[in-house]
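Single-structure report; data block below.
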Amino acid sequence: MRLNNQLPRRRAIGLTALIDVVFLLLVFFMLASTFLKFGNVKIDLGGAEPAMGDLSKIVMVHVGKEKRVTVDGEDVPTAALADRLAHLKREGRERVVVAVRADAAVSDMLGIVGVVRRSGFAAVQVVK
Amino acid sequence: MRLRQPETRRREPDLTGLINIVFLILIFFLVAGTLRPFADRDIKLAKASAVQSGPVAPGRLVLFADERIAYRGEDVSVHDIAERLRSDERLDKTAPFTIVADGRLPAHRALAVIEAVKAGGIRDVTMLTERQERP
């Protein structure tokens, strides 16, 4: 007796649809993804809480064009701002008010507010 | 004269190598990249060493360098923002609200928008930045 034990020949799986989908996913992720690192800077406006309390505990920071900064009316280089704020904090200052001049851009404001926030003051307010 | 035409039976190209590479690139983008929290490619974010990092909420309010404002992809004016936010039921007003602003925009324009957003009932406003490593 002769048994027919011949296996059916395997057909190759069609890969065209798979490649279509994979290419689609690839293009989507290439366009939608980014390698930048993002961060947030919180902005509290001056009117959020009444400007009461001890005025001598407030540090006044002015920001102008190209991150030109004055602290309590004194010009401070941007690189030295963090040190100056840390020093003032040790002296017992509690709050910082960042006044943004009309010629400042958003990048100037956010750069300086970021530095001020990192210096550890409890309240940072941004005013015009 | 009758020329014998050569038999031009097309073979299917072997796609396995191609698929391997494409899969590899796909996985690279999946792992190494993060999805951008906003869709507009012509925004140039401000650089700042931010205090808060980590996951960033999608920015629904986008301020362009040419002073155009878009909320959920639709153009709005500063005066409409408060009303739009108040009437937006899908928006969680207690969660931090992220504003995407071009770094070249005058800061006073951005502050006016933030005032409007606060008037729309939102407490926490943050602005998206490109994180800068500490010097």
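So that the names make sense, note that chain A is the first sequence line, chain B the second, and so on, each numbered from 1.
- A heavy-atom distance below 4.5 Å is found between the side chains of B/Leu85 and B/Leu91.
- Per-residue heavy-atom pair counts under 4.5 Å with chain A were compared for B/Ala101, B/Pro96, B/Gly33, B/Ala110, and the maximum is reached by B/Gly33.
- For residues 72-83 of chain A, heavy-atom neighbours of chain B at less than 4.5 Å comprise no residues at all.
- Comparing A/Met109, A/Lys128, A/Arg101 by heavy-atom pairs within less than 4.5 Å of chain B, the highest count is held by A/Lys128.
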Could you please spell out the steps behind the side-chain contact (heavy atoms from CB on, under 4.5 Å) verdict for A/Val98 and A/Val96?
CA-CA 6 Å; A/Val98 179; A/Val96 180; 4.1 Å; yes
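- Between atom CD1 of residue A/Ile58 and atom CZ of residue A/Phe121 there is a gap of 11.5 Å, rounded to the nearest 0.5 Å.
- With rounding to the nearest 0.5 angstrom, the CG atom of B/Leu111 is 7.5 Å from the CE atom of B/Met127.
- Heavy atoms closer than 4.5 Å to chain A are found in the side chain of B/Ile19, but not in its backbone.
- No more than 12 heavy atoms of other residues, nucleotides or ligands sit less than 6.0 Å from atom CZ of B/Arg123.
- Ionic pairing of B/Asp75 and B/Arg68 is present here: one or more N-O contacts between side-chain nitrogen and carboxylate oxygen are shorter than 4.0 angstrom.
- In this structure, B/Phe97 CZ and A/Ile43 CD1 are separated by 14.0 Å, a value rounded to the nearest 0.5 Å.
- Of the two parts of A/Leu25, the backbone and the side chain both hold a non-hydrogen atom closer than 4.5 Å to a non-hydrogen atom of chain B.
- No side-chain donor from either of B/Asp80 and B/Tyr71 sits under 3.5 Å from a side-chain acceptor of the other.
- At a 4.5 Å heavy-atom cutoff, B/Ile99 makes no contact with chain A through either its backbone or its side chain.
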